Amino acid sequence: MRLATWNVNSIRARVDRVTDWLERADVDVLAMQETKCSDEQFPTMPFAALGYDVVHCGFNQWNGVAIASRVGIDDVAVGFDGQPTWSSDDAVEAAAEARALGATCGGVRVWSLYVPNGRTVDSPHYAYKLEWLAALRDTAGRWLADDPAAPIAMVGDWNIAPTDDDVWSVEAYQDSTHVTPPERDAFAAVVDAGYADVVRPFAPGPGVFTYWDYTRLAFQKRRGMRIDFILGSPAFTDRVTHAEIVREERKGKGASDHAPVLADLAD
DNA sequence: ATGGTAGGGGTCCTA
């Protein structure tokens, strides 16, 4: 089974490019982030034409996460245990809705995650980001405590560069979100809870990225960040035979600012 | 030299 994650930066602007790649890369399950549409607006037909079922969850009126699968979609869930209890600040309450969409696809529990951006370190959105990640760690840890043999993939845009090797310039991100110790600690806590970065062994750094800003010719100058991840539970990680960041899909006019990331699993 | 670009929704906000 081939599982991929891609921050598509508007599915309506990108649907041809996304479905073309799904077919070309022979992807079975794709988790999408930043769909930038409502549930009603999601273009399901181009996916259905290729044999994919789609489940989508819009939030905060301008964004959404989705999962497309041609190996079945069962047990769809929104949030964590259906309890989005991690919101505390009214200012960010509206953004709190389902940034996490889960489904069982081909026997694997797949979560499409869009971790809050954080905006700036002095913003309530930054505090909310840390709360959200703590709730994710607690819930995901509980799943493994309940069933250590469960194949679970926590995939998506984490909006965190876990180490200095994951940014093109440490100086460029001084005092910015995505690289602060609390964010890196929160990411590491999810890993410590039992979810391994399954792509890194196949894409060693430094200088290996998944996101490049649209401005200032960042992609051409290789100025990016590694913020999109496939984290796997032990039962998932044991099955991974190959993984890669598909940098090619960031090229050209009409590309998302993120590249897709994929992993292959043995049956 | 706090610029630059892309997307969505509407005459600006988010990333």
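Quick caveat: nothing in here was measured; it's all calculated off a predicted structure.
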Does L130(A) sit in a hydrophobic cluster with other residues, and if so which ones, taking ILVMFWY side chains as linked at heavy-atom separations under 4.5 Å, directly or through other members?
V121(A), Y126(A)
Could you write nucleotides 1-6 of chain B as a row of B, S and -, 5' to 3', where a protein heavy atom under 4.0 Å of any base atom gives B, of only sugar-phosphate atoms gives S, and otherwise -?
---BBS
Here the residues of residues 166-187 of chain A within 4.0 Å heavy-atom distance, strictly under, of DNA chain B are none
Roughly how far apart, to the nearest Å, are dT5(B) and dG9(B) at atom P?
22 Å
Using atom P in both nucleotides, what's the gap between dA1(B) and dT14(B) to the nearest angstrom?
28 Å
By salt bridge (charged side-chain N to carboxylate O under 4.0 Å, His left out) - contacts of E244(A) (at least two apart)
none
Output the rounded distance in Å from CG (N63(A)) to C1' (dG9(B)).
14 Å
Got a sec, which residues hit salt bridge (charged side-chain N to carboxylate O under 4.0 Å, His left out) with R137(A), two or more places apart in sequence or on another chain?
none
Students often get this wrong, so: under 4.0 angstrom with heavy atoms, is F219(A) touching a base, only sugar-phosphate, or nothing?
nothing
Can you name the side-chain hydrogen bond (donor to acceptor under 3.5 Å, both in side chains) partners of R2(A), sequence neighbours left out?
D264(A)
Could you list the cluster mates of W6(A)? Members are the ILVMFWY residues connected by side-chain heavy atoms closer than 4.5 Å, either directly or through other members.
V8(A), I11(A), V15(A), V18(A), W21(A), L22(A), V27(A), L30(A), M32(A), F42(A), F47(A), L50(A), Y52(A), V54(A), V246(A), L262(A)
Can you give the donor-acceptor pairs under 3.5 Å from side chains of residues 215-223 of chain A to other protein atoms, not counting sequence neighbours?
from, atom 1, to, atom 2, distance (Å)
T215(A), OG1, D213(A), OD1, 2.7

Pairwise P distance, dG10(B) and dA6(B) [rounded to whole Å]:
22 Å
Residues which pass salt bridge (charged side-chain N to carboxylate O under 4.0 Å, His left out) with D39(A), listed by chain and number, not counting sequence neighbours:
none
Is the ring centre of W168(A) less than 6.0 Å from the ring centre of F209(A)?
no
